[in-house]
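To keep things clear, I will list the structure first and then write my remarks on it.
Computed from a predicted structure; not experimentally measured.
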Amino acid sequence: MSRITVGNESLVGSLTPSNKKSYKVTNRIQEGKKPLYAVVFNFLDSRFFNVFVTAGGNRITLYNCLEDGAISALQSYADEDKEESFYTVSWACGVKNNPFVAAGGVKGIIRVIDVNNEKIHKSLVGHGDSVNEIRTQPLKPQLVITASKDESVRLWNVETGICILIFAGAGGHRYEVLSVDFHPTEIFRFASCGMDTTIKIWSMKEFWTYVEKSYTWTDDPSKFPTKFVQFPVFTASVHTNYVDCNRWFGDFILSKSVDNEILLWEPQLKENSPGEGTSDVLQRYPVPMSDIWFIKFSYDFHLSSLAIGNQEGKIFVWDLKSCPPVLVTKLSHNQSKCVIRQTAMSVDGSTILAACEDGTIWRWDVITK
């Protein structure tokens with residue numbers, strides 16, 4: 001277990017906006033009556049940077065962000081199980097670079113949709129409970145990791161439908177896993193966090209032959225020699241409550257708990273002592289009225305700024321390049337009063353989308369002077 005180093009006070013951001021960037025509402029769509037839990041731009045393929053996907057109820061919907069605030073619906077998928085409620089969605093792709101969308105939720109089944117053919121490519125079955133988050137390996141976008149209520153994280157090959165590795169057991173999470181994220185450059189590494197208040201860093205390095213084997217496996221996927229990984233390389237306790245979103249920021253980690261703040265911290269691993277190390281909390285980004293779980297933040301492609309909604313329908317945009325933290329702007333609208341479950345920032349950060357509990361999608365665009 002990591003310990004928090006003492007002596008270095010973390011820098012807390014001011015909630016007074018700098019207003020060096022301003023945004024205005026350019027669109028609002030009422031997608032349905034079911035809560036929307038996820039909204040994600042496609043950062044994997046430059047041809048589709050303006051395309052985004054939403055998840056809510058038993059429905060996955062693809063849209064195109066057009067100029068002047070317009071949004072056009074491209075296609076929609078309704079799960080055959082009307083009781084399904086999708087909580088998470090991620091872009092992925094096949095070995096021929098055809099775009100996939102992977103979605104999961106309360107039923108614990110991951111649906112991999114082939115966007116070009118508008119049909120299900122694979123259904124990934126294995127989790128014993130609901131799926132809270134799916135993330136794609138940016139360097140190998142056939143690989144996704146899934147965080148589940150069943151206390152495990154699983155690594156899948158969406159092309160072949162194989163569950164390659166299961167991260168659970170003696171050193172694993174002790175409650176629902178709420179968020180996962182691949183390291184941006186170290187292909188073997190990812191972080192997970194959850195209701196047990198911990199953030200764990202895992203390594204797949206010694207199991208990479210199984211990852212490679214998953215691409216050429218032609219037998220029944222259920223016969224694949226899936227491996228259990230029981231011990232992370234690092235466990236941090238920088239929060240005292242549920243941790244529902246973690247994202248790598250270079251070699252640093254941004255993590256959010258239900259304590260109304262996001263922390264930027266540095267995991268310092270001891271190379272010769274697996275699981276041990278220190279956690280140095282560097283900066284704190286306050287997010288008022290976000291003390292319910294399952295509110296996820298996002299940032300732009302260049303990691304310049306971060307956007308997060310709260311339970312009052314407001315969005316806080318933080319500058320990630322400044323120290324101490326600077327609040328760029330706070331977005332609010334008199335008709336936006338509902339919980340924002342997730343935001344999505346466009347590649348350059350000029351557009352911010354919000355997926356809301358009342359089934360609406362809000363679009364904000366930067367005001368060019």
Side-chain angles (χ1 to χ4, degrees), residues 12-41 52 54-56 63 65-71 244-245 247 254-264 283-300 303-322 324-369:
V12 182
S14 165
L15 283 168
T16 304
S18 71
N19 293 323
K20 64 179 181 181
K21 248 187 190 179
S22 299
Y23 291 79
K24 64 178 179 182
V25 173
T26 54
N27 210 325
R28 175 182 176 271
I29 294 174
Q30 182 73 49
E31 189 179 288
K33 294 180 180 176
K34 298 283 179 71
L36 290 178
Y37 288 107
V39 56
V40 187
F41 274 108
F52 68 92
T54 61
Y63 297 91
C65 245
L66 305 172
E67 292 182 9
D68 303 321
I71 295 174
D244 57 0
C245 191
R247 300 285 183 260
L254 285 155
S255 57
K256 176 201 157 280
S257 87
V258 295
D259 290 329
N260 293 313
E261 67 176 355
I262 297 168
L263 301 183
L264 173 67
Q283 302 207 135
R284 295 172 183 268
Y285 304 80
V287 189
M289 293 302 293
S290 63
D291 58 355
I292 58 171
W293 66 281
F294 218 93
I295 291 179
K296 312 233 178 201
F297 60 83
S298 65
Y299 33 58
D300 63 291
L303 308 184
S304 298
S305 49
L306 173 155
I308 182 166
N310 72 359
Q311 59 212 75
E312 294 182 325
K314 296 179 172 62
I315 297 172
F316 295 80
V317 183
W318 287 96
D319 182 354
L320 291 176
K321 303 290 189 185
S322 60
V326 170
L327 182 66
V328 177
T329 186
K330 182 173 77 171
L331 309 180
S332 62
H333 189 279
N334 59 11
Q335 290 180 315
S336 176
K337 302 289 186 189
C338 197
V339 180
I340 296 172
R341 289 296 181 181
Q342 190 169 29
T343 61
M345 296 192 86
S346 62
V347 166
D348 62 359
S350 62
T351 298
I352 298 172
L353 303 173
C356 302
E357 183 94 346
D358 60 359
T360 58
I361 305 162
W362 288 75
R363 175 176 174 175
W364 297 78
D365 281 289
V366 75
I367 299 169
T368 51
K369 294 172 183 175

* To do: Would you mind reporting whether Pro35 and Arg341 have side-chain heavy atoms less than 4.5 Å apart?
  => no

* Within 6.0 Å of CD in Gln30, more than 12 heavy atoms from elsewhere -> yes

* **side-chain contact (heavy atoms from CB on, under 4.5 Å) evaluation trace for Ser298 with Phe41** => CA-CA 10 Å; Ser298 65; Phe41 274 108; over 6 Å; no

* Structure fact -> Value for OG1 (Thr54) from CG (Leu36), rounded to nearest 0.5 Å, stands at 5.5 Å

* Asked: Hey, is the main chain of Thr351 close enough, under 3.5 Å, to the side chain of Arg363 for a donor-acceptor pair?
  -> no

* OG/Ser336 to CD1/Ile315 distance, rounded to the nearest 0.5 angstrom? -> 6.5 Å

* Can you tell me if Asp259 uses its side chain to pair, donor with acceptor, with the backbone of Glu261 under 3.5 Å? -> no

* Search all heavy atoms of Asn310 against all heavy atoms of Met289 and return the closest pair with its distance. => CB-O, 3.1 Å

* Asked: Between Gln311 and Asp291, is there a donor-acceptor pair closer than 3.5 Å when you use the side chain of the first and the backbone of the second?
  -> yes

* To do: Tell me, with the steps shown, if Val339 and Phe294 meet side-chain contact (heavy atoms from CB on, under 4.5 Å).
  => CA-CA 10 Å; Val339 180; Phe294 218 93; over 6 Å; no

* Determine, for Lys296 against Asp244, whether the closest basic-nitrogen to carboxylate-oxygen distance falls under 4.0 angstrom. => no

* To do: Can you measure from CZ (Phe316) to OG (Ser332) and round to the nearest 0.5 angstrom?
  => 9.0 Å

* Considering non-hydrogen atoms only, spot the tightest contact between Gln342 and Val39 and give its length. => OE1-N, 3.1 Å

* So, for Glu31 and Tyr63, which heavy atoms are closest and what is the spacing to 0.1 Å? -> OE1-OH, 2.7 Å

* Asked: Can you name the closest pair of heavy atoms from Ile295 and Gly309 and give their distance?
  -> CG2-O, 3.3 Å

* To the nearest 0.5 Å, how far apart are CG in Leu254 and OH in Tyr285? -> 6.0 Å

* Separation between CG of Leu320 and OH of Tyr299, rounded to the nearest 0.5 Å -> 8.0 Å

* Structure fact -> One should read off an interatomic distance between Lys256 NZ and Leu263 CG, to the nearest 0.5 angstrom, of 11.0 Å

* Under 6.0 Å from the CG atom of Asp68, do we count more than 12 heavy atoms belonging to anything else shown? -> no

* Minimum heavy-atom distance Lys21-Thr329, with the two atoms named -> O-CB, 3.6 Å

* Please answer whether the main-chain N or O of Val328 pairs with a side-chain N or O of Asp319 as donor and acceptor at a distance below 3.5 Å. => no

* Asked: Looking only at heavy atoms, what is the nearest atom pair of Leu327 and Leu15, with distance?
  -> CD2-O, 3.6 Å

